[in-house]
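To keep things clear, I will list the structure first and then write my remarks on it.
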Amino acid sequence: MQRIHSVADLHAALAGARSSVLVPTMGNLHEGHLQLVRHAGSLGAPVVASVFVNRLQFGVGEDFDRYPRTLDDDATALAGAGCDILFAPDERELYPHPQQILIQPPPEADQLCGAHRAGHFAGVLTVVNKLFNLVQPAAAVFGEKDFQQLWLIRSMVAQLAMPVRVVGHPTARADDGLALSSRNRYLSAAERTEAPQLYQALCRVRDRACGGHWDPQALAAGAERELEARGWRVDYVALRDAVSLREPDARTRDWVVLAAARLGDTRLIDNLMFRRL
Ligand code: PAF
């Protein structure tokens, strides 16, 4: 695996390749990321994984400064997962001072996580756009855990006619159901024991919806109350049409229940897709 920090070296490394598959990350890699890399490797082109903690997608008071930076460990893990190129630029390499042109996300970015993280998705779409321009991959692989992010990236690619196939990959979970996340390492032992309850709450919403409960808002409010009673601070639990990201209606077949909630200082997100016939 080549480990590359500059755009010039990236272009040199990609010069002979007809295409590539990109896996964008912010590092501190776990099994979920490695599954994305292995899946990218199965798509038949050299795999480029980027590691870049993107300041633009962090709000004031969020965890940009303390976000775990573990590049040497990440490089070892990526090499083991079959990555061909690790692209780990620093901020000066990726952004001019300052980056003044940002991708303006559609209104769907203002709900769910976007309602609690102003500017977050403009920062995500801007860096993803930039990585696409630099790497020019044929495909890019993203985790479904960040459901709203994936939906917005697909919209950006479609609306701007970007020549990239966006591939979603199922959420990797611990044995107790907790979605793998770099932020899980912030959890205390007691919080880690409690954390799978977020997934359990989503499963109960799914089971109630599939069992004939019809009112999405009542289902979400019930799950919020259950989590709050256990000590969580809930940003939202919401049901959406998984295709349009709009409120579900009588025609909705593919559903997703999404949640973001805090245990102590740690904000966790998760979602669960299901079909309701
Ligand atoms: O999902 C992430 O890790 C980040 O939002 C991404 C897509 C790498 C952009 O910084």
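In what follows, every heavy atom counts, from backbone to side chain, and hydrogens, waters and symmetry copies are set aside. Only a predicted model underlies this, so the values are computations on that prediction, with no experimental measurement involved. Whatever order the structure lists ligands and atoms in, that order sets their numbers, starting from 1.
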Exercise. Atom 4 (C) of ligand 1: which of Lys130, Arg55, His120, Gln57 has the nearest heavy atom?
Worked result: Gln57
For this session: Compute both the distance and the angle, then confirm whether Arg204 meets the cation-pi test with Tyr199: under 6.0 Å from the six-membered ring centre, within 45 degrees of the axis.
Result: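 No, Arg204 does not lie over the aromatic ring of Tyr199.
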Exercise. Quick one: do Val167 and Val128 end up in the same hydrophobic cluster if we chain Ile, Leu, Val, Met, Phe, Trp and Tyr together by side-chain heavy atoms under 4.5 Å apart?
Worked result: no
Exercise. When the ring centroid of Tyr95 is compared with that of Phe52, is the distance short of 6.0 Å?
Worked result: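 Yes; Phe52 has its ring centre under 6.0 Å from that of Tyr95.
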Exercise. Below 3.5 angstrom, do we get any N/O pair linking Asn54 and ligand 1?
Worked result: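 Not met; the criterion fails.
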Problem set entry | Reported CG-to-CG distance for the pair Leu56 and Leu125, which is rounded to 0.5 angstrom |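 Output value for this atom pair is 11.0 Å.
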Identify, by atom number and element, the atoms of ligand 1 in contact range of [X], meaning under 4.0 Å from any of its heavy atoms.
X      : result
Val127 : 9 (C), 10 (O)
Thr25  : 8 (C)
Pro24  : 8 (C)

Problem set entry | atom 2 (C) of ligand 1 [closest protein heavy-atom partner, distance rounded to 0.1 Å] | Gln149 NE2, 3.8 Å
Problem set entry | Modelled atom types, side-chain donor and acceptor of Arg117 and Gln57, under 3.5 Å | no
